[in-house]
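Worksheet for the structure shown next.
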Amino acid sequence: VQLQASGGGLVQAGGSLRLSCVASGSFYSMDVMGWYRQTPGKQRELVASMRNSGSIDYADSVEGRFTISRDIARNTVTLQMNSLKPEDSAVYHCAADYRRSRWLSTQSRSWGQGTQVTVSS
């Protein structure tokens, strides 16, 4: 599975950005899609993820400001980021957990290329 992310860029504090990611390739089920972010010297952290069931997880730091959505039929995930803060600046990575085959219960994970988000104060 390949993930192609788009969006990101430079925005002033308080502004908004939208990230999108589309999955392509062969898989049986795309179970979870989401976004992680990473800054230099720090571990990659979960920003938001959404399961096929509709269940969503948000990092505490983005709850109420970011909104994740999925178009399951089109294998896309979108992250709407509002009220951005300088501390949101990071490289954002799209991620997908999927099953390769109906005969395999284990999930595989793919990562998209990172996209830079910079929030100026």
Within-4.5 Å side-chain heavy-atom neighbours: L19 and M81:
yes
If the condition is side-chain contact (heavy atoms from CB on, under 4.5 Å), which residues does S55 pass it with, not counting sequence neighbours?
R51, S53
Has R100 got more than 12 heavy atoms of other residues, nucleotides or ligands less than 6.0 Å from its CZ?
no
Say you draw a straight line from OG1 of T115 to CG of L17; how long is it, rounded to the nearest 0.5 Å?
9.0 Å
If hydrophobic clusters are built by linking Ile, Leu, Val, Met, Phe, Trp and Tyr wherever their side-chain heavy atoms come under 4.5 Å apart, do V32 and V47 end up in the same one?
no
For residues L79 and I56: do they belong to one hydrophobic cluster (side chain heavy atoms under 4.5 Å, members Ile, Leu, Val, Met, Phe, Trp, Tyr)?
yes
Can you list every ring-ring contact (aromatic ring centres under 6.0 Å, His included) pair that touches residues 35-66, not counting sequence neighbours?
Y36-W111
Spacing of CD belonging to Q116 relative to OH belonging to Y92, to within rounding of 0.5 Å:
9.5 Å
In terms of heavy-atom contacts, C21 and M33 come closest through O-CE, 4.4 Å
Could you check if a side-chain atom of V91 sits within less than 4.5 angstrom of a side-chain atom of H93, using non-hydrogen atoms only?
yes
Restricting to side-chain contact (heavy atoms from CB on, under 4.5 Å), what partner residues turn up for E45, sequence neighbours left out?
R37
side-chain hydrogen bond (donor to acceptor under 3.5 Å, both in side chains): which pairs involve residues 20-30, sequence neighbours left out?
S29-D31
To the nearest 0.5 Å, what is the distance between OG on S121 and CD on Q12?
9.5 Å
Any chance you could measure D88, atom CG, to T39, atom OG1, to the nearest 0.5 Å?
11.0 Å
Under the 3.5 angstrom rule, does the side chain of R18 hit a backbone N or O of G7 as a donor-acceptor pair?
no
When rounded to the nearest 0.5 angstrom, what distance separates CD in E87 from OG in S61?
8.5 Å
Ignoring hydrogens, what is the shortest heavy-atom contact between S16 and N82? Give both atom names and the distance.
OG-OD1, 2.9 Å
In short, side-chain hydrogen bond (donor to acceptor under 3.5 Å, both in side chains) pairs touching residues 66-78 with sequence neighbours left out are N52-R70
Heavy-atom closest pair (C94 atom, V77 atom, distance to 0.1 Å) is SG-CG1, 3.9 Å
Heavy-atom pair with the smallest gap, counting every atom of M30 and A96
SD-CB, 3.4 Å
Just jot down the side chain to side chain donor-acceptor pair (under 3.5 Å) partners of Q2, sequence neighbours excluded, or say none.
none
Are V62 and L46 connected in the hydrophobic side-chain network, where two residues link if heavy atoms are under 4.5 Å apart?
no
About how many Å separate CG of L3 and OG of S110, when rounded to the nearest 0.5 Å?
5.5 Å
